*Asks:* 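One structure is given below, represented as structure tokens, and several questions about it will come after.
Quick note on labels: first sequence line is chain A, next is B, and so on, each numbered from 1. The model shown is predicted, which means the values in this text are computed figures rather than measured ones.
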Number of protein chains: 2
Amino acid sequence: MSSRQNSPERKKLRMRDIAAQAGVAPITVSRALSSPDKVSPETLKKILEVVQKEGFIPNNVAGSMRATAKVIGTIVPPLINSGIADQVQGMSDACAAHGYQLLLVQGDFSAEAEDKAIMALLGWRPKGLIIQAFVQSKAARKRIATAGVPVVEISEIRGRTPMNLAVGISNFDAAYAMTQHLAGKGYKRIGFVSTPIHGNDRLRQRRVGYRKAIADLGIDQGDLEVEVPITSKGGAAALSILTERDPSIEVIFCSSDLLAFGAVQECRRRGWAIPDRIAIAGFGDMDLASQTYPAITTVRVDRYGMGRSAVDHLLSLAAGETGSGKSVDVGFEIIDRESA
Amino acid sequence: MSSRQNSPERKKLRMRDIAAQAGVAPITVSRALSSPDKVSPETLKKILEVVQKEGFIPNNVAGSMRATAKVIGTIVPPLINSGIADQVQGMSDACAAHGYQLLLVQGDFSAEAEDKAIMALLGWRPKGLIIQAFVQSKAARKRIATAGVPVVEISEIRGRTPMNLAVGISNFDAAYAMTQHLAGKGYKRIGFVSTPIHGNDRLRQRRVGYRKAIADLGIDQGDLEVEVPITSKGGAAALSILTERDPSIEVIFCSSDLLAFGAVQECRRRGWAIPDRIAIAGFGDMDLASQTYPAITTVRVDRYGMGRSAVDHLLSLAAGETGSGKSVDVGFEIIDRESA
DNA sequence: CTGTCAAGTGGTATCGGTACCATGAACGTG
DNA sequence: CACGTTCATGGTACCGATACCACTTGACAG
């Protein structure tokens, strides 16, 4: 009766206000908004009209107390490279497609920060977590296990058994394949540039794959590995270090395109021809890699697809599928360009 | 009495379970966790022990029904360039520092998507919104106004009056300054490359600033503007288009470093010397700009700082400060490098 | 000894949806 | 025509933490 006039300075809209105005019970409004096919067409129309007119937006917080929240929590490393950004985009798009929200926390490289981030996420009782943390500490794993929330890890899929399910590639295989590829093109002395591993399995496996390939190839070249920060400046530095350590080095395989880019720029600065004076390969197939001149030979990984796939699998897990311990391999591809 | 043994297959932990085990009331546990100074040291210690032992994580969803949620919603454009990524990092860090969570939605370039995204965010009754949408449709603004949620816009600060408060720079001034800077270095024919404006005021103001500078300088050069997709490929294309349109063009000012990078690579491909054959300038001072050889002259904007500052101001607004209509100018800086 | 006050703690109502079960109407079937 | 079944809708009881107010206790001033 007084529901019309008191809008100007009355408080926030609730479902019951809409219900009153539409002449139905609150629960019917709820159904109209979340499962419209359970409401008769006329009622539905009437309710939606009121919702539209009043600009009502249901309170997800309240709704998430009974039903589990349509939220997926995720921890991502700092978005320094566009690979991660693609992945976030993939997760974001997939979430949107399913009507979920993405709760994003950025990790750094410390275990405490990771633990705190996980607690913050779990506090929201998300449907699941997608983790791509660097550390993956034991404490963190235990916390998640206790909470009983499904987890999809975007990670190295070789060797380790995931908590529930992992999406990723074998970084070992990829690095092995690239090293072999370079050897196949006739390069003899093959350097390797890594970023600080910090307990990150993906990075470690790349190095292991490289080493295995060198061993299998029977190349005797001493230590041609170096570790630098994950910036293009790091790549430039790596070039200097390695060429100084062994002037006859023929190719440098960088564990990230960002490093490869930096190395290419350093060559330009020195006036060195690529790949004649020295060849360079990267990892990730960032946009950069194809656009740099000369274009960079690299390993393509479908990061966007990994993000989407992670969300899809997570929702399956949450819906009851066990799939425990499985790994989903999204594969990789060697992209041969001009730089090596 | 039976609270100890039934843990194995009992349901989730609630605050009252902790309370029972610690021999206090639930509300005391609440206080112990959110305002520890209101609880006596002994009680606090006992409660924290139980919390620790059980691995209890309070349910934020429930807590957010009475008190407003410690959540900030944000809409960001696709993370195509690292500038946006820096900004997200800034917001994320600032949120973490204040104990807030970041609810992230990625926009695209359509008004409907934006409206949907805003509804999704508002459904969580966030403390506030940080918006950096491309469209900023009228419908979206109205929705936010109705919800009565404070908003910080990361945007162009010239001309437009923000809903509550805007953080950003004057893109007009920045583009004007760069154009003048280039003219000051002796360049006569100055081209301009923009990405599709799509109603985005920041991009528009850059173009307007450029045009104003050209007019003020009294340069009569015809149309040396072109619009290309925001990719490095777009930058390469722009170089081709402009040099074909006017072979005597001397410098190209790109409204994004990504474009400038593409243009530089295209020059390399053609064997053109930079800046002798043609000079290039960018916008944003992405990591790329300083690392590319030759290093790119550009406009530095502190994106990370903008993100942090947006969160800080938003929390002030939420705490009651009005600050309506104000704009916070974080400023810019012309970074003179080798490319122009 | 009484009154005032602060600190520490608890009881209760409440935030706003939705799961669960009940109800009544309309329809078809034997 | 009695009965089962489906469809549309409503009533009620929560979900789990916290705001609000009340209460107890001890310290201290007058």
*Asks:* Using a heavy-atom cut-off of under 4.0 Å over every strand shown, decide if B/Val61 touches base, sugar-phosphate, or nothing.
*Replies:* nothing
*Asks:* Using whole Å, what does the distance between atom P of nucleotide C/dC15 and atom CZ of A/Arg66 come to?
*Replies:* 17 Å
*Asks:* Could you state the CE-P distance from A/Met15 to C/dA19, rounded to the nearest angstrom?
*Replies:*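 Roughly 11 Å, once rounded to whole Å.
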*Asks:* Would you classify B/Ala25 as touching base, sugar-phosphate or nothing, given that sugar-phosphate means primed atoms plus P, OP1 and OP2, and contacts are heavy atoms under 4.0 Å?
*Replies:* sugar-phosphate
*Asks:* Counting the atoms with a prime plus P, OP1 and OP2 as sugar-phosphate, which does A/Ser64 contact under 4.0 Å by heavy atoms, base, sugar-phosphate, or nothing?
*Replies:* nothing
*Asks:* How long is the straight-line distance from CE of B/Met91 back to CG of B/Leu314, given to the nearest 0.5 Å?
*Replies:* 10.5 Å
*Asks:* Base, sugar-phosphate alone, or nothing: which one does B/Val29 contact when heavy atoms must sit under 4.0 Å apart?
*Replies:*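 No contact.
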*Asks:* Rounded to whole Å, how long is the line connecting atom NZ of A/Lys70 with atom C1' of C/dG17?
*Replies:*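 Computing the A/Lys70:NZ to C/dG17:C1' distance gives 15 Å.
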*Asks:* Decide, yes or no, whether a salt bridge links A/Glu153 with A/Arg141 under the criterion of side-chain N to carboxylate O below 4.0 Å.
*Replies:*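 Looking at A/Arg141 together with A/Glu153, the answer is yes, because their closest N to O distance falls below 4.0 Å.
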*Asks:* Whole angstrom is fine here: how far is it from CZ in A/Arg16 over to C1' in D/dG11?
*Replies:*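 It works out to 13 Å between those atoms.
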*Asks:* Between D/dT9 atom P and A/Asp37 atom CG, what is the distance in whole Å?
*Replies:*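 The distance from CG of A/Asp37 to P of D/dT9 comes to 12 Å, rounded to the nearest Å.
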*Asks:* Rounded off to whole Å, could you give me the NZ-to-P distance for the A/Lys38 and D/dT9 pair?
*Replies:*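 Atom NZ in A/Lys38 sits about 13 Å away from atom P in D/dT9.
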*Asks:* To the nearest 10 degrees, how far apart in direction are the end axes of the helix from C/dC1-D/dG30 to C/dG30-D/dC1, each fit to five base pairs?
*Replies:*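 Terminal axis comparison yields 40°.
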*Asks:* How many angstroms lie between CD in A/Glu54 and CD in A/Gln21, if you round to the nearest 0.5 Å?
*Replies:* 4.5 Å
*Asks:* NZ/B/Lys12 to OG1/A/Thr146 distance, rounded to the nearest 0.5 angstrom?
*Replies:*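 With rounding to 0.5 Å, NZ (B/Lys12) is 14.0 Å from OG1 (A/Thr146).
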*Asks:* Please pick, from D/dA17, C/dC20, C/dG17, the nucleotide with the shortest atom-to-atom distance to any side-chain atom of B/Phe56.
*Replies:*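 Taking heavy atoms from C-beta onward, the closest nucleotide is D/dA17.
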*Asks:* Confirm from the modelled atom types if B/Arg31 and C/dG10 form a donor-acceptor pair under 3.5 Å, side chain to base only.
*Replies:* yes
*Asks:* C/dT9, OP1 or OP2 - any side-chain N/O from B/Thr43 closer than 4.0 Å?
*Replies:* yes
*Asks:* Just N and O in the side chain of B/Thr28: are any of them under 4.0 Å from OP1 or OP2 of C/dT9?
*Replies:*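 No, outside the criterion.
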*Asks:* Looking at A/Ser40, does any N or O in its side chain come under 4.0 Å of the phosphate oxygens OP1/OP2 on D/dC7?
*Replies:* no
*Asks:* Pick base, sugar-phosphate or nothing for B/Ser34, based on heavy-atom distances below 4.0 Å to the nucleic acid.
*Replies:*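 Answer is nothing: B/Ser34 stays at 4.0 Å or more from every strand.
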*Asks:* Which nucleotide in the list C/dG17, D/dT9, D/dA17 gets nearest to the side chain of A/Arg14?
*Replies:* C/dG17
*Asks:* If you apply the rule side-chain contact (heavy atoms from CB on, under 4.5 Å), what do you find for B/Ile131 with B/Ile118, and how did you get there?
*Replies:* CA-CA 9 Å; B/Ile131 295 197; B/Ile118 286 175; 4.3 Å; yes
*Asks:* Which whole-number value in Å describes the distance from A/Lys46 NZ to D/dT9 P?
*Replies:*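 Those two atoms, NZ and P, are 8 Å apart.
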*Asks:* Hey, is A/Glu112 close enough to A/Lys116 for a salt bridge, meaning N to O under 4.0 Å?
*Replies:*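 Judged by the 4.0 Å cut-off on N to carboxylate O distance, A/Glu112 and A/Lys116 do not form a salt bridge.
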*Asks:* Counting distance only, does the side-chain N/O of B/Arg125 pair as donor-acceptor with the main-chain N or O of B/Leu122 below 3.5 Å?
*Replies:*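 Answer holds: yes.
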*Asks:* For the pair made of CG in A/Asn59 and P in C/dT14, what is the distance, rounded to whole Å?
*Replies:*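 Distance, rounded to whole Å: 18 Å.
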*Asks:* So which nucleotide from C/dG16, D/dA19, C/dA19 ends up closest to the side chain of A/Met65?
*Replies:* C/dG16
*Asks:* Could you please name the option among D/dA17, D/dA19, C/dG17 that lies closest to any side-chain atom of B/Ile27?
*Replies:* D/dA19
*Asks:* Would you please test A/Glu49 and A/Lys45 for salt bridge (charged side-chain N to carboxylate O under 4.0 Å, His left out) and show each step?
*Replies:* CA-CA 6 Å; A/Glu49 268 167 13; A/Lys45 181 161 167 286; 3.3 Å; yes
*Asks:* For C/dT18, take OP1 and OP2 only and decide whether either is under 4.0 Å from a side-chain N or O of A/Ser30.
*Replies:*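 So the side-chain polar atoms of A/Ser30 do come within 4.0 Å of the phosphate oxygens OP1 or OP2 of C/dT18, strictly under.
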